Structure formats: C-alpha cells, structure tokens
J.: 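Dropping a structure here in structure tokens format, bear with me for questions.
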Amino acid sequence: MPNNKYLILAAVVLLQACIGRTYSWSIYDAEFIHNYQVDPVLSTLPFNVFYVVFPLTLLFSHQLIARIGTRLSAQVGIALFALGWALSMFGDINFMFTIIGVGVIGGIGVGMTYLVPILVGIAWFPNRGGLITGLAVGGFAAGAALVGEFSNFLIYTKQFTPFSALAVVGCLYLMVGILPATLMYRPMAMYGQSEKTIDISLKALIRDPIFIGLFTAMTVGLTAGFFVNSKIVLIAGEGFQSVISLVAVFALCNAVGRVTWGAMSDAFSVSNCLKANLLLQALSIFSLLWLFDVDSAPLLLAVAGFNYGGVLVLYASRVRECWGENAITKVYSWLFLSNIVAATLNSFLSGIFSEAGAERVALILFIILMVGCAGLFIRKSSVMVGRTASR
C-alpha cells in the first residue's frame, strides 16, 4: 500500500467529488419540467428522497465502517451510487425508476461512503481537522461543477435525454471513483487503537440545548442551500446567459466556501464562524429579495453558494470540538438527520415557488435563517454526558 499521505489526500478529494453529483440536480429538474411534463414537486423528489435516505444510512455507517473497514465501505458505496444513477435510464418509462435510482439506491451508496474520506483525511492530517474536512467535502461540491458542465454538454450539445445523461455520468463515476475508494485506508498506527466510540445516546442529545441549536441552525442552512441548488436554473429562466452554467458557478463557490470556512475554523472560534456563516446566508438571501429583476441576480444567487459551503464543514468541526474526536461519526450522524427536515422543507418551498415565485420563498428563507442563527447563541448545556467543553 502507498504510504504517501498527499496521495491519500488527493484520493480523499477525488472520492468526494465522485459522490457529489446530486448537487447538479437543477439541470435535470428543469429538463423534466420543461420537456417531459413532470410536476415541479415530483421533479425535485429524487433530490429530496436522496437527502432523506443519505442521512438515514449515515446513522448506521459508523457501525458498518467499523465492521468491514473504510476501504470496502467506500468501494461498495461508490458501486451502489453508480448503479442507482444508471437505473435512472428507465425513468422515461416510469419516473419512479429515477426516484428509486437517484434517491434510494444512490442515497444508500453515498451514506456508506460519505464519512470515509473525512475519517481517512483527518487520520492522516490530525492537526488540520477543519482544513482537511473542508477539502474533503469541498470535493463533493467541486464534482458537481464538473458534472454540471458535462451534463449540459450531453443534454444540450449531444441531445441526450436527461435519463440517458444520468446513466452515462453514473457509469463514468464508477470508473473514476473505484481507484480512490481502494486507497481509503488509515495509517497503520491507528489499527492498534480502539475503535470504541463515545457512549452517548440520542435521548441525551435531544435534551442538550447546544445540540438542538446546532440541529436547528444546520437545518435552515441546508434548506436555503437545497432550494437554490435544486431550482437555480428555473429561477434564472431560459433567457439567462453566463460563461459557464449557474450549476457550475454555485458548485465551485460551494467548494471554495467549504475549504475557506474549514481553514477559518482552524484559526478562529468554530462557534463564531458558525454564527457568521448563517448570518451571511441570511443577509445574502435578504439582499436578493430586491435583486430578482436584475439581470445578474441568478449569478449572485449562485455565488451565495460560498456561504452554503460552510454548512457541512463547520458543523462537523463543532461536533468534534464539543463531543470529542471519537464522537464524530456517531453524533454527527444524528446531527446529519437535519438533511431530512431540510429536504421536507425544500419540497414545501418548491410548491410555493411554482405558485408564488422566488421572492416569496426568499422572504421565508430569510426568516428561518435568522431563527437558526439565534439558536447558535445558546452557550451552556444542561446535559453534559459525553461532552467535552462547549467553547
């Protein structure tokens, strides 16, 4: 096995890039609505189901990783992810194939894989946890930028159906992703250490005001990102032109945001970074309330992906800070259930968007983002079981 930690780091980023393609969903969403007469709420369902199945699988992934190892978990996960997207080819016969393929099978595959690059990266670079987490999940977003451009090429230049495009990209990711999945192992020194995780129950966590504050804040941050991510093409309209697609701009800003916020969390207080991140999200959404009629507004909306990029980095760092290294997989998996609530809210907002427009949705998002930001100002917890310091 190679012992070059920078080779491992490259594999970490590449593997996350391979499972981040769901972030390009708005391209397919617009095609389904405009050219295949799929209901707007139904067209977003594969995306929303994915963000229900993915975090549910993540609940059990730490047990699976402990049982079969990081490498096999990543290999099986990337294979399931690719299989699910390949199954979407039959969505033109029945859209349920796309929902099951992308949402269910793809969600299980990503749930098995997602924590592996983060755990492996931190194991090789233990003193740069925030930056490494940012690089890892930054790859998740950067992959969507490449897929967004490639999907545009397949659909609009080569005249592929969106269902065929989904299958092509799925097969491509299997070929690209299997090699970095094979490199997902931790330093040999770690294999002599205990795999025991911290003994803390979900019942204890839901009584912990800090956990509830983090759950609320992460939920609303994800909700804002999900909506923009899944609807940005429709918000822009057919007449909008940019050098590269809005999906790619959003994904690239998202990737840069993840790395930047991750590095900032190593240098500054994670708690303060969380508050600043959510406040900037709220302000960016609020400013866009007055800019929807401006030609560049969709591009500004895509750039807002920078703030959204901090969500999945900063909350992982905060869990590590509050509950300790051994709690990352367990506590963060429970915190990650906020994706389910966010996906549900996104379905609700998609219906409002189709009836009342983006301005109404932006107002709702601004209000809930401010509520989430307020939840982060909780400083003390009445439940200290399994916790370290709540800095």
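Treat the numbers as computed from the prediction; the structure is a model and nothing was measured.
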J.: Can you find a pair of side-chain heavy atoms, one from Leu222 and one from Ser338, that are under 4.5 Å apart?
T.: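 Yes, close enough: below the 4.5 Å cut-off.
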
J.: Met89, Val38: one ILVMFWY side-chain cluster at the under-4.5 Å cut-off?
T.: no

J.: Which of parallel (below 30°), tilted (30 to 60°) and perpendicular (above 60°) describes Phe226 and Tyr51?
T.: tilted

J.: Donor-acceptor pair, distance only, cut-off 3.5 Å: does the side chain of Ser265 make one with the backbone of Gly262?
T.: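 Judged by distance alone, yes, a pair lies under 3.5 Å.
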
J.: For this output row, return yes or no: ring centroids of Phe90 and Phe95 closer than 6.0 angstrom.
T.: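 No; Phe95 has its ring centre 6.0 Å or more from that of Phe90.
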
J.: Does some side-chain heavy atom of Val49 sit less than 4.5 Å from a side-chain heavy atom of Val104?
T.: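 Contact flag for Val104/Val49 side chains = yes.
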
J.: From Asp92 CG over to Ser164 OG, what is the distance, rounded to the nearest 0.5 angstrom?
T.: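 So the CG of Asp92 and the OG of Ser164 are separated by 7.0 Å.
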
J.: Got a donor-acceptor contact below 3.5 angstrom from the Thr260 side chain to the Gly257 backbone?
T.: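 Looks like no, no N/O pair under 3.5 Å.
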
J.: Considering all heavy atoms of both residues, which atom of Gly107 and which atom of Thr57 are nearest to each other, and what is their separation?
T.: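 Between these two residues, the closest heavy atoms are O-OG1, 4.1 Å.
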
J.: Taking all non-hydrogen atoms of both residues, which atom of Leu59 and which atom of Ser333 are closest, and how far apart?
T.: CD2-O, 3.8 Å

J.: Which value, rounded to the nearest 0.5 Å, describes the distance between Phe97 atom CZ and Ile105 atom CD1?
T.: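 So the gap between those two atoms works out to 10.0 Å.
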
J.: I'd like to check Ile78 versus Val110 (side-chain heavy atoms, cut-off strictly below 4.5 Å). Are they in contact?
T.: no

J.: Walk me through it: do Phe227 and Tyr308 pass the test ring-ring contact (aromatic ring centres under 6.0 Å, His included)?
T.: CA-CA 11 Å; Phe227 178 76; Tyr308 172 55; over 10 Å; no

J.: For a quick test of your reading: what N or O donor-acceptor pairs under 3.5 Å do the side chains of residues 176-184 make, sequence neighbours left out?
T.:
residue : atom : partner : partner atom : Å
Thr182  : OG1  : Gln75   : NE2          : 3.2
Thr182  : OG1  : Ile178  : O            : 2.8

J.: Could you see if Leu349 belongs to whatever hydrophobic cluster contains Val371? Use Ile, Leu, Val, Met, Phe, Trp, Tyr and a side-chain cutoff under 4.5 Å.
T.: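 No.
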
J.: Spell out, as yes or no, whether a donor-acceptor pair under 3.5 Å connects the side chain of Gln16 to the backbone of Tyr114.
T.: yes

J.: If you define the side chain from C-beta out and look only at heavy atoms, does anything of Val169 sit under 4.5 Å from Leu154?
T.: yes

J.: Where do Gly351 and Ser354 come nearest, in terms of heavy atoms and distance?
T.: O-OG, 2.8 Å

J.: For the pair Phe336 and Phe54, name the ring-plane relationship: parallel under 30°, tilted 30 to 60°, perpendicular over 60°.
T.: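 Ring orientation, 0 to 90° scale: perpendicular.
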
J.: Take Val102 and Phe47 through the side-chain contact (heavy atoms from CB on, under 4.5 Å) test and state the conclusion after the steps.
T.: CA-CA 7 Å; Val102 173; Phe47 179 92; over 6 Å; no

J.: Considering non-hydrogen atoms only, spot the tightest contact between Gly106 and Phe50 and give its length.
T.: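 Heavy atoms only, the tightest pair is O-CE1, 3.7 Å.
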
J.: Angle between ring planes, Trp85 versus Tyr28, binned at 30° and 60°: parallel, tilted or perpendicular?
T.: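 Plane angle over 60°, so perpendicular.
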
J.: Quick one: side chain to side chain donor-acceptor pair (under 3.5 Å) partners of Thr216, sequence neighbours excluded?
T.: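 So Thr216 forms no side chain to side chain donor-acceptor pair (under 3.5 Å) with any residue.
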
J.: Nearest 0.5 Å please: distance from the CG atom of Asn35 over to the OG1 atom of Thr161.
T.: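 Asn35 CG to Thr161 OG1: 11.0 Å, rounded to 0.5 Å.
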
J.: Measure the CG-CG distance between Leu314 and Leu214 for me, rounded to the nearest 0.5 Å.
T.: 10.5 Å

J.: Going hydrophobic residue to hydrophobic residue with side-chain gaps under 4.5 angstrom, can you get from Leu64 over to Leu83?
T.: no

J.: Might you work through the side-chain contact (heavy atoms from CB on, under 4.5 Å) test for Leu345 and Thr219, ending with a clear yes or no?
T.: CA-CA 9 Å; Leu345 289 173; Thr219 296; 4.2 Å; yes

J.: If every non-hydrogen atom of Gly372 is compared with every non-hydrogen atom of Leu278, which pair is closest and at what distance?
T.: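 Closest heavy-atom pair between Gly372 and Leu278: C-CD2, 3.4 Å.
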
J.: Decide if atom OH of Tyr156 counts as having more than 12 heavy atoms of other residues, nucleotides or ligands within a radius under 6.0 Å.
T.: yes

J.: Within the 4.5 Å heavy-atom criterion, are Phe150 and Leu172 side-chain neighbours or not?
T.: yes

J.: For Tyr36, give me all partners under side chain to side chain donor-acceptor pair (under 3.5 Å), at least two apart in sequence or on another chain.
T.: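 Partners of Tyr36 under the side chain to side chain donor-acceptor pair (under 3.5 Å) test: none.
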
J.: Would you find a donor on one side and an acceptor on the other, under 3.5 Å apart, between the side chain of Ser88 and the backbone of Gly91?
T.: no

J.: Please examine the side chains of Trp323 and Ile210, heavy atoms only from C-beta on, and report whether any two atoms are closer than 4.5 Å.
T.: yes

J.: Looking at side-chain heavy atoms only, is the closest gap between Leu9 and Trp124 below 4.5 Å?
T.: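 Heavy-atom side-chain distance check fails, nothing below 4.5 Å.
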
J.: List the steps and the verdict of side-chain contact (heavy atoms from CB on, under 4.5 Å) for Val52 and Leu56.
T.: CA-CA 6 Å; Val52 171; Leu56 284 176; 4.0 Å; yes

J.: Quick one about Asn307 and Asn277 (side-chain donor to acceptor, distance below 3.5 Å, no hydrogens or angles considered), yes or no?
T.: no

J.: Search all heavy atoms of Ser73 against all heavy atoms of Met112 and return the closest pair with its distance.
T.: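 That would be OG-O, 2.8 Å.
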
J.: Report the residue from Leu115, Leu335, Val53, Thr113 that forms a side-chain contact (heavy atoms from CB on, under 4.5 Å) with Leu58.
T.: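 Going through Leu115, Leu335, Val53, Thr113 one by one, the side-chain contact (heavy atoms from CB on, under 4.5 Å) with Leu58 is satisfied by Leu115 alone.
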
J.: State the CH2-CG distance between Trp334 and Leu205, to the nearest 0.5 angstrom.
T.: 6.0 Å

J.: Linking I/L/V/M/F/W/Y whenever their side-chain heavy atoms sit closer than 4.5 Å, directly or via other members, would Val341 and Ile352 fall into one cluster?
T.: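 Linked, Val341 and Ile352 end up in one cluster.
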
J.: When rounded to the nearest 0.5 angstrom, what is the spacing between OG1 in Thr223 and CZ in Phe348?
T.: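 So the gap between those two atoms works out to 11.5 Å.
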
